[in-house]
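Sequential numbering from 1 along the given sequence is applied to the chain's residues. The figures here come from the full heavy-atom set of this structure, side chains too, leaving out hydrogens, waters and symmetry mates.
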Amino acid sequence: MTRRHSHRHRLRGQGGSLRRPGRRATSVAAVILTVAAFGPALTGCDQAKEKAGDIASSATAAVASAAQEKMNQVKDGVNATGDVKAGPTSVDGDRTVAEITATNPEDKNADYTILVNFRDPDGNLLDAVVVNIDGVEPGRSKSGTARSNRSLSGDTKAQISQALRH
């Protein structure tokens, strides 16, 4: 019995537990295999996030393009960006809204077609909508509401991209 006990004593480490030869190497190998197996999956998650961001950017670009196409359909419009102001944004249900005000400096009634961009604090385009404000009397102001096409998160600002008086 004494002999067996002394054998155990040689295997004891500083912490008082038995050491098994190669256990640490086995643990290191397990970690390496885990990283090797799941590393590509983690990269795949990053790629999925990037792909989702690309899809969102493409969708936003498509919406902006459709909004611009609506603006291009206005006949005999005069640049009136200086006549139009965007108010602060707020949330209405699940959409972002902003009051848009057109002031008619002309001597006859005018209609306005306005392209409004919703942007984040870094200036990135989040959404684009077209607002029509019809029958603005001479020297008067009239308002309409720009309402985002989808739910927008974070701080947003409404920006007048283009305004046509017709």
Peer 1: Step by step, work out the side-chain contact (heavy atoms from CB on, under 4.5 Å) result for Asp111 and Thr113.
Peer 2: CA-CA 7 Å; Asp111 298 330; Thr113 302; 6.0 Å; no
Peer 1: Could you tell me whether the side chain of Arg119 reaches within less than 4.5 Å of the side chain of Asn124, counting heavy atoms only?
Peer 2: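 No, side chains not in contact.
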Peer 1: Hey, what do you get for CG (Asn149) to CZ (Arg95), rounding to the nearest 0.5 Å?
Peer 2: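 That separation rounds to 7.0 Å.
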Peer 1: Quick check on the hydrophobic clustering: are Met71 and Leu125 connected, directly or via other members, by side-chain heavy-atom contacts under 4.5 Å?
Peer 2: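 Met71 and Leu125: separate clusters.
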Peer 1: I need the Ile114 CD1 to Lys85 NZ distance, nearest 0.5 Å.
Peer 2: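 Reported value, rounded in 0.5 Å steps: 11.5 Å.
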Peer 1: Which atom names give the shortest non-hydrogen contact between Ala128 and Asn117, and what distance separates them?
Peer 2: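 Answer, listing the atom of Ala128 first, then Asn117: CB-OD1, 3.4 Å.
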Peer 1: Do Leu115 and Ile160 touch side chain to side chain, with heavy atoms closer than 4.5 Å?
Peer 2: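 No, every pair of side-chain atoms sits at 4.5 Å or beyond.
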Peer 1: What residues form a salt bridge (Lys or Arg N to Asp or Glu O under 4.0 Å) with Arg147, not counting sequence neighbours?
Peer 2: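 Counting only residues at least two positions away or on another chain, Arg147 forms a salt bridge (Lys or Arg N to Asp or Glu O under 4.0 Å) with Asp92.
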Peer 1: Looking at side-chain heavy atoms only, is the closest gap between Pro138 and Glu106 below 4.5 Å?
Peer 2: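 Answer no - side chains too far apart.
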Peer 1: Please name the pair of heavy atoms, one in Ala98 and one in Ala158, separated by the smallest distance, quoted to 0.1 Å.
Peer 2: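 For Ala98 and Ala158, the tightest heavy-atom pair comes out as CB-CB, 3.5 Å.
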Peer 1: Measure across Ala146 and Phe118 and return the closest heavy-atom pair with its distance rounded to 0.1 Å.
Peer 2: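 Ala146 and Phe118 have their closest heavy atoms at O-CZ, 3.8 Å.
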Peer 1: For Ser143 and Thr101, which I'm curious about, is there any donor-acceptor pair between the side chains at under 3.5 Å?
Peer 2: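 A pair is found: one side chain offers a donor N or O, the other an acceptor, under 3.5 Å apart.
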Peer 1: Heavy-atom distance under 4.5 Å between the side chains of Val136 and Asn109, does that happen here?
Peer 2: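 No, their side chains stay 4.5 Å or more apart.
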Peer 1: Return the CG to OG1 distance between Leu126 and Thr96, rounded to the nearest 0.5 Å.
Peer 2: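 It comes to 8.5 Å.
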Peer 1: When rounded to the nearest 0.5 angstrom, what is the spacing between CG in Asp120 and OG1 in Thr156?
Peer 2: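 Reported value, rounded in 0.5 Å steps: 9.0 Å.
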Peer 1: Do you know the tightest heavy-atom contact between Thr81 and Ala163?
Peer 2: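 Scanning both residues, the minimum pair turns out to be OG1-N, 3.5 Å.
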Peer 1: Using modelled atom types and a 3.5 Å cut-off, is there a donor and acceptor pairing between side-chain atoms of Lys142 and backbone atoms of Asp134?
Peer 2: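 Yes: the side chain of Lys142 pairs with the backbone of Asp134.
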Peer 1: What pair of heavy atoms forms the shortest contact from Ser141 to Thr103, and how long is it?
Peer 2: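 Shortest heavy-atom separation between Ser141 and Thr103 comes out as OG-OG1, 2.6 Å.
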Peer 1: If you count the non-hydrogen atoms of other residues, nucleotides and ligands that lie under 6.0 Å from CG in Asp155, is the total more than 12?
Peer 2: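 No, not enclosed.
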Peer 1: Rounded to the nearest 0.5 Å, what separates atom CG in Asp127 from atom CG in Leu152?
Peer 2: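 Going from the CG atom of Asp127 to the CG atom of Leu152 covers 5.5 Å.
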Peer 1: Is there a path of hydrophobic side-chain contacts, each under 4.5 Å between heavy atoms of I, L, V, M, F, W or Y residues, that connects Val130 with Val74?
Peer 2: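 Yes, same cluster.
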Peer 1: Could you verify whether a donor N or O on one side chain and an acceptor N or O on the other, from Asp83 and Tyr112, lie under 3.5 Å apart?
Peer 2: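 Yes.
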Peer 1: State plainly whether one hydrophobic cluster holds both Val116 and Val97, where clusters connect Ile, Leu, Val, Met, Phe, Trp and Tyr through side-chain heavy atoms under 4.5 angstrom apart.
Peer 2: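 Hydrophobic grouping puts Val116 apart from Val97.
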Peer 1: Is the shortest heavy-atom distance from the side chain of Arg165 to the side chain of Asn104 under 4.5 Å?
Peer 2: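 Contact flag for Arg165/Asn104 side chains = yes.
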